Protein chains: 2
Amino acid sequence: MSDPLSPIFAALADPTRRAILSMLLEDDMAVTDVAEPFQMSLAAISKHLQVLADAGLISRERRGRVIWCKLEPDALKAASVWMQGFGQFEPVDLDALERFLETELRDDSDEDVP
Amino acid sequence: MSDPLSPIFAALADPTRRAILSMLLEDDMAVTDVAEPFQMSLAAISKHLQVLADAGLISRERRGRVIWCKLEPDALKAASVWMQGFGQFEPVDLDALERFLETELRDDSDEDVP
DNA sequence: GACATATTCAACCATCCGGTTGACGATCGC
DNA sequence: GCGATCGTCAACCGGATGGTTGAATATGTC
């Protein structure tokens, strides 16, 4: 794998996929359950999950007829670490964190969970 | 601006653009000088700079006939802060930082600066 | 075995993306 | 004013992306 960062950032560039990651942060989920809040087809969600898996951001494991999706934080960490190479970002600014999580939440509900 | 993060991550998803950001980290640069190390046309670099500017990652200022490009760290910070919403990433792991910066550098030279 | 559920595959479509080339608009030096 | 330099614009091209629908594959249940 010669350029691991590009697929990671590309995967993060879609609000649906970021919403999926947020959901998986809470708990592992079956594909059907991941798809439930969105208004697009199950096949579309399946493709999004494939993109996330290709980027290494999630893994999928079949248990019975259900496939469980699980967050794989290492890939995200790689991207996070690359960003910190740009220095000057104080590790965590809680005010900014709060503001941006709010923004993200509002965007997700506007665009993906009507 | 309803979804600031998507254009930022999309901008970061291209190794040429990440290389440009790294160059601008050192110093402000004219468009022509940004383009010099790459083997693609000036117009292509100009488009990359437009993508970075649209994402808020850089700003451009005309001085005489030269346009100076300058890093705008706030946008990158927004993305970085979003990532830290996924918690569990110790602020800076210097070993990982070094490894990934090396990887990034090698990738850039393979793909963009032959 | 028959049927229902969970997920992916395949084909298709519209749009976006990254690159090219050539023309164009500004600005500098003479 | 003229020619050279800096940078963008416009049109084009091939390939990726994000979505759809319908068929196919697995697995669990009866």
Side-chain angles (χ1 to χ4, degrees), chain A residues 2-3 5-21 23-24 27-55 57-70 107-108 110-114, chain B residues 3 5-21 23-24 28-55 57-70 107-108 110-114:
Chain A
S2 100
D3 174 9
L5 285 182
S6 294
I8 293 172
F9 284 124
L12 295 177
D14 186 287
T16 300
R17 287 193 292 260
R18 289 199 305 277
I20 291 174
L21 290 179
M23 293 162 61
L24 291 178
D27 210 349
D28 300 357
M29 294 179 78
V31 174
T32 304
D33 295 334
V34 169
E36 194 270 334
F38 301 97
Q39 65 181 355
M40 68 188 73
S41 70
L42 184 61
I45 295 294
S46 178
K47 284 210 229 174
H48 279 304
L49 291 171
Q50 185 63 51
V51 171
L52 289 169
D54 286 346
L57 287 164
I58 67 166
S59 60
R60 285 173 296 179
E61 181 194 354
R62 165 156 240 141
R63 220 143 56 219
R65 77 187 146 165
V66 166
I67 292 184
W68 292 90
C69 303
K70 173 172 165 302
D107 291 344
D108 290 347
D110 283 354
E111 296 160 24
D112 300 313
V113 193
Chain B
D3 176 7
L5 285 182
S6 294
I8 293 173
F9 284 125
L12 294 177
D14 185 287
T16 300
R17 288 194 290 261
R18 290 198 306 276
I20 291 174
L21 289 179
M23 294 162 60
L24 291 178
D28 299 358
M29 295 179 78
V31 173
T32 304
D33 294 335
V34 169
E36 195 271 335
F38 301 97
Q39 65 181 355
M40 68 188 73
S41 70
L42 184 61
I45 295 294
S46 178
K47 282 210 235 174
H48 280 305
L49 291 171
Q50 185 65 49
V51 172
L52 289 169
D54 287 346
L57 288 164
I58 68 168
S59 59
R60 284 173 296 178
E61 182 194 353
R62 165 158 238 140
R63 222 145 52 216
R65 87 190 135 163
V66 166
I67 292 182
W68 292 90
C69 303
K70 173 171 166 304
D107 291 343
D108 289 347
D110 283 355
E111 295 160 24
D112 302 314
V113 194

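None of the values given here were measured: they were computed from a predicted structure. In the text below, chain A, chain B and the rest are named by the order of the sequence lines, each starting its count at 1.
Near DNA chain D, meaning a heavy atom under 4.0 Å away, the residues from residues 57-66 of chain B are B:R60, B:R65, B:V66. Proximity of residues 42-49 of chain B to DNA chain C (heavy atom under 4.0 angstrom from any strand atom) is restricted to B:A43, B:A44, B:K47, B:H48.
Of the possible polar contacts, one joining the B:S6 side chain to the A:A13 backbone as a donor-acceptor pair under 3.5 Å is found.
Here A:R65 pairs with nothing under the side chain to side chain donor-acceptor pair (under 3.5 Å) rule; sequence neighbours left out. Residues passing the salt bridge (charged side-chain N to carboxylate O under 4.0 Å, His left out) test with B:K70 are B:E72, sequence neighbours excluded.
Of the charged side-chain nitrogens involved, at least one lies within less than 4.0 Å of a carboxylate oxygen, so that B:R18 and A:D3 count as a salt-bridged pair.
In terms of heavy-atom proximity, B:C69 sits nearest to B:L24 at O-CD2, 3.5 Å. A:I8 and A:A55 make their closest contact through CG1-O, 3.5 Å (heavy atoms, listed as atom of the first residue, atom of the second, distance). The two atoms that bring B:P37 and B:M23 nearest to each other are CG-CE, 3.7 Å, heavy atoms only. Across all non-hydrogen atoms, the minimal contact from A:L49 to A:I58 is O-CD1, 3.6 Å. Considering all non-hydrogen atoms of both residues, B:A11 and B:R17 come closest at O-NE, 2.8 Å. Between A:F38 and A:A19, the shortest heavy-atom contact is CZ-CB, 3.9 Å.
Looking at A:T16 and A:M40, their side chains come closer than 4.5 Å, going by heavy atoms from C-beta outward.
The distance between atom CG of B:L12 and atom C1' of C:dC17, rounded to the nearest whole Å, is 16 Å. For A:F38 and C:dT7, the CZ to C1' distance is 17 Å, given to the nearest whole Å. Atom-to-atom, CD1 of A:I67 to C1' of C:dT5 comes out at 13 Å; the value is rounded to the nearest Å. Residue A:E36 contributes atom CD, which lies 15 Å from atom C1' of C:dA6 at whole-angstrom precision.
Of all nucleotides in DNA chain D, those with any atom nearer than 4.0 Å to a heavy atom of chain A start and finish, going 5' to 3', at D:dG18 to D:dG28.
Note that CD1 of B:I67 and CG of B:D28 are 13.5 Å apart. Values are rounded to the nearest 0.5 Å. Between A:E36 atom CD and A:I45 atom CD1 the span is 10.5 Å, to the nearest 0.5 Å.
The bend of the helix from C:dG1-D:dC30 to C:dC24-D:dG7, defined by the angle between the axes of its first five and last five pairs, stands at 30° to the nearest 10°.
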